[in-house]
Amino acid sequence: MHIQVNGEQRTLATGITVAGLLKDLDIRPDRVAVELNLNILDRSEFDGRSLQEGDRIEIISFIGGGAWRRA
Amino acid sequence: MADDRLTIAGREFKSRLWVGTGKYKDFVETKKAIEASGADVVTVAVRRVNITDRSKENLLDYIDPKKYTILPNTAGCYTVEDAVRYSRLARAAGVSDLVKLEVIGDEKTLFPDTAGLIEAAKILIKEGFIVLPYTNDDPIVAKKLVDIGCPAVMPLAAPIGSGLGIRNPYNLRIILETVKVPIIVDAGVGTASDAALAMEYGADAVLMNTAIAGAKDPIMMAEAMRYAVDAGRLAYRAGRIPRKLYATASSPIEGML
């Protein structure tokens, strides 16, 4: 199935969960926030939430920045 | 200065110098500069995780969230919607309700869109956020931000990254006189004397990034800023002498030949 992850099209195994995707991407769940189709997920939802065809997921974290120009 | 703590929304801070984490050469330099600055509040930006190159290290591997107060900012947000969205994501990624709220009005000056700022602050305060707004050096806007529930206000000294120092000391002094919450001068500091001056006027803290990260020796500048903020704070508390046009002798006349 096709999913948009951080703006990139990815082909993922059907039924993969948010936690599974983070594991595949080697991302520590305690350091990120996840927004699925514009709704922010609670960390407790990562394990149980399966992704669907066409979902748009954003995985964000903190980076260095004070007050910065748009990249 | 253990007896002179800064308190905002029930949280106590040791240092009156707050620092950003952008523009450093690498995370090691970031960490060393923050240590040299003595800051305990560190502001960070909210961005997409790099999913194509996972070798990249995480900032939080270098800045321990147990040791520092991580203050997420909404840098780069030009609309109320974006600033609110980034704030919510920051809260979900982090551990606290703190946000340094920025709604930027223009790419060239990076001046805040103060109308958007007030609107975004209202939404976030209703959702339980502790909103620290990056605002213009405008006393009326500062007062409005306090009226809607901001526990501190962060007026700029000059445009972000400009290093121009305090461009409008009179407005800053009016803000300091009229606004009864902590004032953190945010952005525009160029060198140590700018930071000291802000503190001498009575600012409660100073936040900076470029002045340290962009210096030839960021770690040495971080140390300079630490002393400047401490010196300025002490001078403010000690109370400066009035300015006079003519001399006043320091030595007595009695006993002269």
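Keep in mind that this is a model prediction, so the values were computed, not measured. Note on naming: letters A, B, ... go to the chains in the order of the sequence lines (proteins, then strands), and numbering restarts at 1 for each one.
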With a 4.5 angstrom heavy-atom cut-off, is it the side chain or the backbone of B:A213 that approaches chain A, or both, or neither? neither
Side chains of B:R48 and A:E8: closer than 4.5 Å at any heavy-atom pair? no
Return the minimal non-hydrogen interatomic distance between B:A92 and A:I40, and the atom names on each side. CB-CG2, 3.5 Å
Give, for atom CD1 of A:I63 and atom CG of B:N50, the distance between the pair rounded to the nearest 0.5 Å. 10.5 Å
Given A:F62, which partner from the list B:T21, B:V44, B:V49, B:N73 fulfils the side-chain contact (heavy atoms from CB on, under 4.5 Å) test? B:V44
How many angstroms lie between CZ in A:R28 and CG in B:D61, if you round to the nearest 0.5 Å? 6.5 Å
Heavy-atom pair count under 4.5 Å with chain B, highest-scoring of A:L38, A:I60, A:L41, A:I59: A:I60
Heavy-atom distances under 4.5 Å only: say whether A:D42 touches chain B with side chain, backbone, both or neither. neither
How about A:M1: does its CE atom have over 12 heavy atoms from other parts shown lying under 6.0 Å from it? yes
In terms of heavy-atom contacts, does CZ of A:R56 have more than 12 from other residues, nucleotides or ligands at under 6.0 Å? no
Distance in Å, B:L59 CG paired with A:R31 CZ, rounded so as to fall on 0.5 Å steps: 9.0 Å
With rounding to the nearest 0.5 Å, note down the distance linking CD1 in B:I51 to CG in A:D26. 13.0 Å
To the nearest 0.5 Å, tell me how far B:R47 CZ sits from A:N6 CG. 13.0 Å
Picking from B:V46, B:T74, B:V19, B:L89, which has the most non-hydrogen pairs under 4.5 angstrom with chain A? B:L89
